[in-house]
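This report concerns only the one structure given below.
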Amino acid sequence: MTPVESKSKRIYALVDCNNFYASCERLFRPELNGKPVVVLSNNDGCVIARSNEAKDLGIPMGAAAFKFRDIFEKYNINLFSTNFTLYGDISNRVMSLLREMSPQLEIYSVDEAFMIFDNAGFDIEEYCRKTVDRVYKEVGIPISIGIAKTKTLAKLGNKIAKDNPTIYKGVFNFETVESMDDILRPLRVEKVWGIGRKNTKRLNELGIYNVLELKNADRAVIKSFLTVSGERTLLELNGIPCIEMEESEIKNTILTSRTFAKTTNDLKHLKEAVSSFASRAAEKLRMDECACTFVTVYISTNYHKETDDQYEASWTETSISPINYTPNIIKLGMEALKKIYKPEFKYKRLGIVLSGIVPASETVVSLFQTNEDQKVKENILGGLIDKINSVEGRDFVRFASSGHGDAWRMGQHMVSNRYTTDWNELLEIE
DNA sequence: TCTGGGGTCCTAGGACCC
DNA sequence: TCTGGGGTCCTAGGACCC
């Protein structure tokens, strides 16, 4: 037997929540079922989720909200600002149910996960249909599933299921399809996972327009034009798995960034932003039980405004040993900001990136920086702040340097309630 | 007037070494 | 003094994803 034959037969089932953010908003406003719903980004700047009814009205993903104001009004579209606290909680509910249905689960994003079946001795398609029913009944979120030998095909199958609900009823299975060619021929290459704007253009220049043409293309040609990533996509379309399970649960980077509601060149405002974003990033870091070595700050002007002078810059500070205590991270962030700040520009965006991430348990105490006692104190204080904030809402407790941030804080005008995490409800549940 | 936020992976090019 | 090529490591930036 060759190694390939002796390998177990693995099947991927990609679960994707339909119109996730819009579905979350509807969950607590059932009167909106059948009506158009749109969720806007921070600052209510652009469209990041649409219900099917909103899609049918021709509202594109990523559309600038101010350009569609008339349409929103004319069709009486229900608008929501983002409520990530709510979406995160609903996501957790969906994922725990999926984990129950499939112990090998790889969570890919807030609304997507791969269920993995090795040598399943049962009808996977039937099982997936049951999963669709259960998630809808128990959580209230509609999902679609694509089944195939590779992740890329499973993603594509999911798209097919979603685009043809009456034919496939939420589940598309590449394993039982009669003619692969007939399915792939009508699909444009940009539908494929990993083929974005630039790669679509390159492929079109090669005369490759549909997925079947890509699947049958010359491997060496694809590699030379689309690099190894494109080559992997081609192999995956042919049923050869190249994108494996994620091995590490640890993120490489943790990022907190915001576009400001107004521009500012006031160093005081930027310092407040650094302090506030560093606090949030440190909180995420501790949630993963990790520590970081590098703290990067980047700032930029408003690149949409061509009449303004443009500037963007970033700087990375290095810690002697890995840290996750908020004041330490703020301190490095402030030093980085000092290196790149220029008073002559008006800033629209600032971000903090934490990298060099390691499990907190593996960190050794640095002789130069802190001692065991200090470390213990930092851990207790950090944990306490996180606990209070998780109940009282983000930023309930924060460091004084974060200020009140009225000048730069985001504008959000249509936020729904934090239905599932409100303090009162927590009390009732517990 | 008003265009998100949080990630991953890959490549090219510079610095440095032998 | 002048010359070369190969290798590694690091970083910035591009492209993609949801």
Side-chain angles (χ1 to χ4, degrees), chain A residues 14-21 38-49 59-70 72 79-84 87-88 91 106-114 151-152 155 158-159 189-203 223-233 242-244 246-263 277 280-281 284-285 288 294 296 298 300 302-308 312-316 318 348-357 410-413:
Chain A
L14 189 263
V15 177
D16 191 324
C17 300
N18 302 345
N19 312 326
F20 184 56
Y21 298 162
V38 160
V39 179
L40 300 174
S41 63
N42 278 327
N43 295 320
D44 299 331
C46 65
V47 174
I48 57 168
I59 297 161
M61 185 69 172
F66 71 93
K67 288 185 183 164
F68 284 82
R69 187 147 300 163
D70 294 347
F72 293 156
L79 298 177
F80 291 90
S81 303
T82 50
N83 185 344
F84 287 113
Y87 312 149
S91 172
E106 186 189 330
I107 296 171
Y108 177 68
S109 74
V110 69
D111 70 330
E112 275 181 55
F114 290 97
K151 287 185 171 180
T152 302
K155 290 276 287 181
N158 182 281
K159 212 159 270 190
V189 285
E190 56 264 42
K191 299 268 182 190
V192 175
W193 191 35
I195 306 296
R197 248 193 14 249
K198 281 278 160 67
N199 284 342
T200 298
K201 197 165 164 248
R202 283 176 200 142
L203 287 172
K223 186 178 179 182
S224 75
F225 280 83
L226 268 59
T227 80
V228 291
S229 319
E231 186 187 25
R232 273 202 289 264
T233 299
C242 303
I243 304 169
E244 298 299 338
E246 276 298 318
E247 278 164 29
S248 157
E249 296 281 304
I250 293 181
K251 296 187 196 87
N252 294 324
T253 55
I254 288 176
L255 188 150
T256 298
S257 67
R258 294 288 181 278
T259 303
F260 304 149
K262 295 179 214 157
T263 56
F277 301 177
R280 175 68 192 129
K284 292 188 217 170
L285 190 61
D288 291 353
F294 307 109
T296 305
Y298 65 86
S300 67
N302 183 1
Y303 57 90
H304 288 293
K305 201 165 178 184
E306 286 169 11
T307 49
D308 277 6
E312 79 183 302
S314 72
W315 187 266
T316 301
T318 304
K348 180 69 173 171
R349 187 177 175 77
L350 185 149
I352 299 252
V353 185
L354 308 182
S355 55
I357 293 173
M410 315 174 293
Q412 283 191 298
H413 303 292

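Note that these values count all heavy atoms, side chains included, but never hydrogens, waters or copies made by symmetry.
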Parallel, tilted or perpendicular: which one describes the rings of A:Phe260 and A:Phe277, with boundaries at 30° and 60°?
tilted

May I ask you to decide if the ring planes of A:Tyr87 and A:Tyr21 are parallel, tilted or perpendicular, using 30° and 60° as cut-offs?
parallel

Can you check whether [X] has a side-chain N or O nearer than 4.0 Å to OP1 or OP2 of [N]?
X	N	result
A:Ser257	B:dG6	yes
A:Lys284	B:dG6	yes
A:Lys262	B:dC2	no

Could you tell me whether [X] contacts a base, only the sugar-phosphate backbone, or nothing, with contacts defined as non-hydrogen atoms closer than 4.0 Å?
X	value
A:Val192	sugar-phosphate
A:Lys201	nothing
A:Lys67	base
A:Lys348	sugar-phosphate
A:Thr256	sugar-phosphate

In whole angstroms, how far is the [atom2] atom of [N] from the [atom1] atom of [X]?
X	N	atom1	atom2	answer
A:Ile107	C:dC17	CD1	C1'	17 Å
A:Lys198	C:dC17	NZ	P	13 Å
A:Lys159	C:dC18	NZ	C1'	10 Å
A:Phe20	C:dC18	CZ	C1'	12 Å
A:Asn252	B:dC10	CG	C1'	13 Å
A:Phe225	B:dT11	CZ	P	16 Å
A:Asn199	B:dC10	CG	C1'	12 Å
A:Arg258	B:dG6	CZ	C1'	10 Å

Nearest to the side chain of [X], which nucleotide is it out of [options]?
X	options	value
A:Arg69	B:dG6, B:dC2, C:dC18	B:dC2
A:Leu255	B:dG5, B:dG6, C:dC16	B:dG6
A:Ile254	B:dG7, B:dG4, C:dC18	B:dG7
A:Arg232	B:dC9, B:dG6, C:dC18	B:dC9
A:Asn42	B:dC9, C:dC18, B:dG5	B:dG5
A:Arg202	C:dC18, C:dA15, B:dT8	C:dA15
A:Phe66	B:dG4, B:dC10, B:dT3	B:dT3
A:Thr227	B:dT11, C:dC18, B:dT3	B:dT11

Taking for each residue the nucleotide of DNA chain B with the nearest heavy atom, is it A:Val228 or A:Ala64 whose nucleotide lies nearer the 5' end?
A:Ala64

If you find the nucleotide of DNA chain B closest to A:Asn302 and the one closest to A:Thr253, which residue's nucleotide is nearer the 5' end?
A:Asn302

Write down the partner of C:dT8 under the Watson-Crick or G-U wobble criteria, each distance required to be under 3.5 Å.
B:dA15

Rounded to the nearest 0.5 Å, the OG1 atom of A:Thr233 sits from the CD1 atom of A:Ile243 at a distance of 6.0 Å

To the nearest 0.5 Å, what is the distance between CG on A:Asn302 and OG1 on A:Thr307?
9.0 Å

For nucleotides C:dG4 and B:dC16, find the distance between their C1' atoms and express it as a whole number of Å.
16 Å

Any A:Phe84 side-chain heavy atom under 4.5 Å of A:Val110 side chain:
no

For A:Lys191, look at atom NZ and say whether over 12 heavy atoms of other residues, nucleotides or ligands are found less than 6.0 Å away.
no

Hey, is A:Arg349 close enough to A:Glu312 for a salt bridge, meaning N to O under 4.0 Å?
no

